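On a predicted model such as this, the values are computed, not experimentally measured, just so you know.
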Amino acid sequence: MQLDNIEKSWKKALGPVLEAPYMKDLEKFLKSEIKKKKIIYPKAEEVFSAFDKTPFNKVRVVIIGQDPYHGADQAHGMAFSVKKGVKTPPSLRNIYKELESDIGLSTPEHGFLEPWAKQGVLLINSVLTVEEGKAGSHQKKGWEEFTDSVIKVLNEKKENLVFILWGAPAQKKANALDEKKHFILKSPHPSPLAAYRGFFGSKPFSQTNKHLKSIGSKPIDWSL
């Protein structure tokens with residue numbers, strides 16, 4: 001598992017971040033877990049899929065989740081997304097409910113969000129790997145520092161991004177954001193435990209497109 005194996009525009013933007021001591025420690029931790037025959041999601045070659053599908057120069061919207069899905073065949077490197085043929089997880093079903101309520105799009109038959117990523121929606125979790133069946137098992141191993149650095153670089157080097165922050169861990173990332181430069185949307189997480197506390201009715205999709213239009217940028221086609 002090589003943690004500097006990231007898309008070239010991101011490698012350039014992140015610079016020394018990829019060589020930071022915490023990244024070296026994280027790489028050692030992951031290699032030791034693999035050596036112990038533990039099953040890690042997503043697959044090594046998919047850990048940075050979000051960055052591959054949404055290069056640095058293409059980012060317009062950032063959706064931040066928490067952990068990857070920890071069930072078989074679910075996580076593939078993009079927050080909330082699952083590949084076609086995999087059952088849509090509960091949090092994503094709630095995202096789809098809000099999508100329908102907000103802008104009238106009917107619920108997709110799959111959970112594959114790559115079409116969003118290809119339009120400039122960076123779909124990242126705070127933590128990018130997890131052990132099978134153990135939610136949160138790779139927290140506090142270095143991923144949080146890495147994704148903090150990603151958010152910091154986006155904040156500093158770009159303007160007028162939309163940040164969609166669902167849940168407390170994602171909202172902590174807002175500490176690194178300049179609200180005068182970027183449009184920030186916060187709400188509870190779409191998980192079944194939290195969605196009724198304010199995620200439903202938060203209208204993130206229409207608000208995002210309204211902002212993009214206001215700065216002369218093409219709105220996101222949220223249909224799948």
Side-chain angles (χ1 to χ4, degrees), residues 1-31 33-34 40-69 73-84 86 92 110-130 138 141-166 169-170 173 176-177 181-182 208 212 217-218 220-222 224:
M1 184 159 306
Q2 300 294 321
L3 297 187
D4 61 352
N5 185 25
I6 194 169
E7 190 272 336
K8 61 183 180 181
S9 69
W10 278 104
K11 186 174 280 192
K12 183 178 178 182
L14 290 167
V17 167
L18 297 170
E19 300 299 322
Y22 67 79
M23 290 299 283
K24 299 298 181 187
D25 291 342
L26 176 58
E27 197 169 300
K28 284 179 194 168
F29 163 73
L30 291 169
K31 285 179 177 176
E33 294 293 278
I34 292 165
I40 308 298
Y41 298 131
K43 296 174 186 174
E45 65 270 22
E46 293 181 329
V47 169
F48 291 127
S49 282
F51 302 89
D52 295 336
K53 303 301 180 187
T54 314
F56 183 78
N57 58 324
K58 301 286 188 186
V59 178
R60 300 192 293 141
V61 179
V62 184
I63 295 179
I64 306 174
Q66 296 179 8
D67 284 315
Y69 298 124
D73 301 320
Q74 290 184 309
H76 67 101
M78 288 189 285
F80 298 105
S81 180
V82 292
K83 291 181 179 178
K84 289 182 179 179
V86 177
L92 185 52
H110 61 85
F112 191 51
L113 304 182
E114 188 175 295
W116 293 359
K118 287 188 170 180
Q119 295 177 75
V121 181
L122 181 66
L123 297 160
I124 58 167
N125 286 306
S126 295
V127 174
L128 301 192
T129 57
V130 70
H138 288 186
K141 302 295 183 184
W143 279 127
E144 292 91 344
E145 288 91 338
F146 171 72
T147 50
D148 280 350
S149 295
V150 169
I151 299 306
K152 186 177 179 183
V153 166
L154 286 167
N155 177 68
E156 290 175 354
K157 297 189 177 182
K158 287 185 166 283
E159 292 185 358
N160 278 315
L161 296 180
V162 179
F163 286 87
I164 300 175
L165 309 177
W166 290 331
K173 302 288 188 191
L177 297 176
K181 283 178 71 178
H182 304 289
T208 293
L212 291 174
S217 186
K218 187 178 179 182
I220 304 296
D221 177 3
W222 296 106
L224 295 165

Looking at every heavy atom in both Thr129 and Pro42, which two are closest together, and how far apart are they?
CA-CD, 4.3 Å
Asp67 and Asn125: side-chain contact (heavy atoms from CB on, under 4.5 Å), yes or no, with the steps?
CA-CA 6 Å; Asp67 284 315; Asn125 286 306; 5.7 Å; no
Looking at Lys181, I'd like to know if its NZ atom is crowded, meaning that more than 12 non-hydrogen atoms belonging to other residues, nucleotides or ligands lie closer than 6.0 Å.
yes
Nearest 0.5 Å, what's the CG-CG distance between Leu154 and Leu14?
8.0 Å
Give a yes or no on whether the backbone of Phe56 and the side-chain of Lys158 come within a donor-acceptor separation of less than 3.5 Å.
yes
If you look at every heavy atom in Val86 and Gln74, which pair is closest and at what distance?
CG1-CG, 4.2 Å
Around atom NZ of Lys152, are there more than 12 heavy atoms of other residues, nucleotides or ligands at under 6.0 Å?
no
Consider only side-chain N and O atoms of His76 and Ser49, and report whether a donor and an acceptor are under 3.5 Å apart.
no
In terms of heavy-atom contacts, His182 and Phe163 come closest through CG-CE1, 3.8 Å
Closest non-hydrogen contact found for His138 with Val130 is ND1-N, 3.5 Å
Counting only heavy atoms not in Asp73, do more than 12 sit closer than 6.0 Å to its CG atom?
no
Grab the two heavy atoms, one from Lys173 and one from Ser126, that are nearest each other, plus how far apart they are.
CE-OG, 3.6 Å
Here the gap from Lys58 atom NZ to Leu122 atom CG, rounded to the nearest 0.5 Å, amounts to 14.5 Å
Rounded to the nearest 0.5 Å, what separation is found between the CG atom of Asp52 and the CH2 atom of Trp10?
11.0 Å
